[in-house]
Amino acid sequence: MTEKSIHTLAQELKDKLSTDPTAAAREMIEFTKRFAHNPLLKREALMLKLDYSNAQQEDEKEHILEAMLVLINNVVKDYLQQPEADRIETQKYLARKQAALKTTVQQKIPSKTSRILFEGKGVGKRFKNTGFELSGIDLTLKIGQITGVVGENGNGKTTLFRICVGDLKENAGQIRFPDLEQNEWNQLNWQEIKKHIAYIPQELPKWHGSIQENLHYEATTHGLNPQENQKAVDYILHRLGLKEYAHRSWSALSGGYKLRFALAKALVWRPRLLVIDEPLANLDVKAQATVLNDLKNLSQSLKYPLAILISSQHLHEIERVADSILFLKAGKTVFYGNTSEVGKERLENSFEIECNLSLSALEEKLQGFEYNSLDHNGLVFIVHAPLHINSQNLLGHLLGKEVEIRYFRNISQSTKKLFVS
Amino acid sequence: MPDLQPTDLIARAEEIYDYLASNDISQTLKRLLDFVQDFSTQDTHQQQVITLYQSFRVYNQQLQDKSLAEIKPQRDALVQEVFNIIEQIEQSWEGQNKS
């Protein structure tokens, strides 16, 4: 980096502060991280950005923008005060420091992530009274990863879950838990294995007493000593945003908080496998995102990582966090693989559209546009088009025809496509 | 949300700073609690983060009635505490790295 270019970048940033202060405040942090040697300058940049987000009155904002200008000048000064050799090496030094620390952490806390916790091959279960059969299911659950199971109701998701947690005995195929015990296929010590599995069913069971009392109880019954028990309960109450509800009883909680409590109860004793059936059903959109992000972060904990098996009808939400997806239809696997591989071998693209037109009116608007077929599933239209047709092509055409679009989604690489095909 | 390698201590610290700069205090504290659980060897750090949860709750209540200027010193002290916890943990690992 030359001195001229840091001056140029600083000037551009100052100019942006007057035209787009919010974006400039974000860039100021990157600028400080990149050039400042003095760590206090980075702290100050973060503080100013935070101040700007919180400021409500115009004079407050003006004052903060002035402070940002001063900070930018101070970063330039700090950078130029360094000997030239150090200036060039700053980024390399930081990269080396980062790599060295990562290696040290890896040595001191060996990662359990990606180790296989559960493996099932050709798993099946036949119910004589209903005639329903789950069959030929291959499934591998890895520590630190989330596996999403999707499919319409009555297609075998809960049956599969109950087999995984030992509540139901499979009558075909093989299962084992390589990371829990060195056993052969199907020779399982369920008494031992169940000590490491938490299962949250769709219907949450009622409990007595307060949340906090129940969490201490769960931790105790799973063998945490008093000191660890207190620490684990404190952690999970705060981590899942339950502290303010710690003394509430079952009847005083909404459906969303009952689920959070069930999660806390399951996670407080640090299981190795969490199996959770349809957790998003009673949550609003914001709470769904929060719960899924929490699950993703918690599964990848360095100290207590876990494998998560989760079912849901909320396909897009699950696909955002799951590492792999199993799609079940009539008890059989339609798709199983990495989330990024969904739709990889598709023959056409598919798009969901909601607009203020009838099927025939939309067909008319699509005249002259290259597509294969148009369906309506009762809620939205689905346009199937050749692979070279993308979202921009379709949206561009419809907007050009002045179609008022309320909703649009490319589902070509979503399991949603498997539902509609 | 970009995928982070859990063992990448500095990247995880940066993630917390990003949440802080975005004024997402809830996510800042959640990930700080995870950071402490994963990397700290001091029992006091978890308690410090829990105290921060309570303090930020009070701060947010005050922010409804007062201007930022009035309670900025208190807010700055809380944010400095976030920095201090992360830096203490980073330094403890740097020490192990040298030894």
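Below, read A as the first sequence line, B as the second, and so on, with proteins coming before strands; counting in each chain starts at 1.
When the heavy atoms of residues 36-46 of chain B are compared with those of chain A, the residues falling under 4.5 Å are B:Gln37, B:Asp38, B:Phe39, B:Ser40, B:Asp43, B:Gln46, listed by number.
The two residues B:Ala21 and A:Ser53 make their nearest non-hydrogen contact at O-OG, 3.9 Å. Closest non-hydrogen pair, B:Leu33 versus A:His238, comes out as CD2-CB, 3.8 Å. For the residue pair B:Glu94 and A:Leu101, the shortest heavy atom distance occurs at N-CD2, 3.7 Å. Among all heavy-atom pairs drawn from B:Asn23 and A:Leu50, the shortest one is OD1-CD1, 3.1 Å.
Atom CG of residue A:Asp234 and atom CD1 of residue B:Ile50 lie 4.0 Å apart, to the nearest 0.5 angstrom. Interatomic distance, B:Tyr53 OH to A:Glu244 CD, rounded to the nearest 0.5 Å: 11.5 Å.
In summary, B:Lys72 and A:Glu60 do not engage in a salt bridge, as defined by a charged side-chain N under 4.0 Å from a carboxylate O.
B:Gln80 touches chain A through backbone and side chain together, each having a heavy atom under 4.5 Å away. Both the backbone and the side chain of A:Lys231 come within contact range of chain B, with heavy atoms under 4.5 Å apart. Only the side chain of A:Ile29 comes within less than 4.5 Å of a heavy atom in chain B; its backbone stays farther off. Only the side chain of A:Gln227 has a heavy atom closer than 4.5 Å to any heavy atom of chain B. For chain B, no part of A:Leu237 is nearby; none of its heavy atoms comes within less than 4.5 Å. For a residue to count as touching a neighbouring chain, one of its non-hydrogen atoms must lie under 4.5 Å from one of that chain's; by this rule A:Asp51 touches chain B with backbone and side chain alike.
Counting heavy-atom pairs closer than 4.5 Å to chain A, the top-ranked of the candidates B:Leu9, B:Asp34, B:Ile25 is B:Asp34. Heavy-atom pairs under 4.5 Å with chain A were tallied for B:Ile10, B:Val79, B:Leu63, B:Asp18; the largest tally goes to B:Ile10. Per-residue heavy-atom pair counts under 4.5 Å with chain B were compared for A:Lys243, A:Met47, A:Gln106, A:Gln107, and the maximum is reached by A:Met47. The greatest number of non-hydrogen atom pairs below 4.5 Å with chain B, out of A:Arg320, A:Lys102, A:His63, is found for A:Lys102.
B:Arg12 places a side-chain heavy atom less than 4.5 Å from the side chain of A:Leu302. Considering only heavy atoms from C-beta on, A:Arg43 comes within 4.5 Å of B:Glu87 through its side chain. Residues B:Phe83 and A:Lys42 form no side-chain contact, since every pair of their non-hydrogen atoms from C-beta on lies 4.5 Å or further apart.
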*Apply side chain to side chain contact (heavy atoms under 4.5 Å, CB included) to the pair A:Asn297 and B:Gln27, showing each step before the final yes or no.*
CA-CA 11 Å; A:Asn297 290 150; B:Gln27 200 61 21; 3.9 Å; yes
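Atom NZ of A:Lys303 is surrounded by more than 12 heavy atoms from other residues, nucleotides or ligands within 6.0 Å.
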